[in-house]
Novice: 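Sharing a structure, written as structure tokens. Questions coming.
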Number of protein chains: 2
Amino acid sequence: MSIAQTPAAPYYAVIFSNLRTEVEEGYAETAQAMVELAEKQPGYLGHESVRNGLGITVSYWESLEAVRNFKGLYDHLQAQRLGREKWYSAYKTRICLVERDYGFEAG
Amino acid sequence: MSIAQTPAAPYYAVIFSNLRTEVEEGYAETAQAMVELAEKQPGYLGHESVRNGLGITVSYWESLEAVRNFKGLYDHLQAQRLGREKWYSAYKTRICLVERDYGFEAG
């Protein structure tokens, strides 16, 4: 996993902070399918994902419309429902306007 | 590490996505000192941090002024400089206005 290469701000970030249950059934396949679904959507800019107990996945989008479109897709709604029923003990989703960014890469 | 309990939106998030070098000297102590420094600042709301190769730390703040205040503190500026010189091979910092959030906790 690497740092997402995003265009100049402004753009949107969706921070999905989550804790898993112990249920593994279907989780990895669905998580992968959701990444592939996101990548196909208009306005998708990239994502970053890490888990070590707490999981944080941040996806980046061109606009709020793109965020809403992805949230409302049928397959994604099904995955969200299964997430609440089976895979997550808690989560928080934060929809954010990235106003400014800056970075560093070692020479 | 748990999911940060933040107040109703709007508020600010700072997403710090980073890749480490192999230099350990001083890193853990400084990271801990920066958490303690953040917690003492006006407008600090909480943070979440995970590393598994890629590191993602998200800190939450009441206002852009609180974000800027923390960024400009002398000890934090020193830590940022050491981060570029020693501890990080790359990072990206994104300053975000959290416009909306929602969450879930299993029954």
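Quick note on labels: first sequence line is chain A, next is B, and so on, each numbered from 1.
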Novice: Drop me the distance from Asp101(A)'s CG to Thr93(B)'s OG1, to the nearest 0.5 angstrom.
Specialist: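 It comes to 8.5 Å.
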Novice: Could you look at Ile56(B) and say if it's the side chain, the backbone, both or neither that has a heavy atom under 4.5 Å from chain A?
Specialist: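 It is both, since atoms from each part get that close.
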Novice: With a sphere of 6.0 Å drawn around CD of Glu25(B), does it hold more than 12 non-hydrogen atoms of other residues, nucleotides or ligands?
Specialist: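 12 or below, so no.
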Novice: Go through Ser2(A), Gly107(A), Ala90(A), Gly103(A) and name the one with the most non-hydrogen pairs under 4.5 angstrom from chain B.
Specialist: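 Ranked by heavy-atom pairs under 4.5 Å with chain B, first place is Ala90(A).
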Novice: Start with the C-alpha gap between Tyr44(A) and Ser59(A), add the side-chain angles, then the distance that decides, and say whether side-chain hydrogen bond (donor to acceptor under 3.5 Å, both in side chains) holds.
Specialist: CA-CA 8 Å; Tyr44(A) 170 85; Ser59(A) 59; over 6 Å; no
Novice: Is it true that, when you exclude Gln78(B) itself, more than 12 heavy atoms of the residues, nucleotides or ligands shown sit nearer than 6.0 Å to its CD?
Specialist: yes
Novice: Which bit of Thr21(A) comes within less than 4.5 Å of chain B, counting heavy atoms only: side chain, backbone, both or neither?
Specialist: neither
Novice: Is the closest side-chain heavy-atom distance between Val58(A) and Phe16(A) below 4.5 Å?
Specialist: no
Novice: Any idea which of Glu105(A), Arg51(A), Glu99(A), Met1(A) has the most non-hydrogen atom pairs under 4.5 angstrom with chain B?
Specialist: Glu99(A)
Novice: Rounded to the nearest 0.5 Å, how far apart are CZ of Arg81(A) and NZ of Lys86(A)?
Specialist: 9.5 Å
Novice: Report yes if some heavy atom in the side chain of Thr30(A) is under 4.5 Å from a heavy atom in the side chain of Trp87(A); otherwise report no.
Specialist: yes
Novice: Is it the side chain or the backbone of Tyr12(A) that comes within 4.5 Å of chain B heavy atoms, both, or neither?
Specialist: side chain
Novice: So which bits of residues 60-74 of chain A come within less than 4.5 Å of chain B, counting non-hydrogen atoms only?
Specialist: Tyr60(A), Leu64(A), Lys71(A)
Novice: Within the 4.5 Å heavy-atom criterion, are Tyr88(A) and Leu19(A) side-chain neighbours or not?
Specialist: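 No. Closest side-chain heavy atoms not under 4.5 Å.
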Novice: Given heavy-atom pairs under 4.5 angstrom as the criterion, report whether the side chain, backbone, both or neither of Ala4(B) touches chain A.
Specialist: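 When you check distances to chain A, atoms from both the backbone and side chain of Ala4(B) fall under 4.5 Å.
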Novice: Please flag which part of Ile15(A) lies under 4.5 Å from any non-hydrogen atom of chain B: side chain, backbone, both or neither.
Specialist: side chain
Novice: Less than 4.5 Å apart, any side-chain heavy atom of Arg94(A) and any of Cys96(B)?
Specialist: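 Answer no - side chains too far apart.
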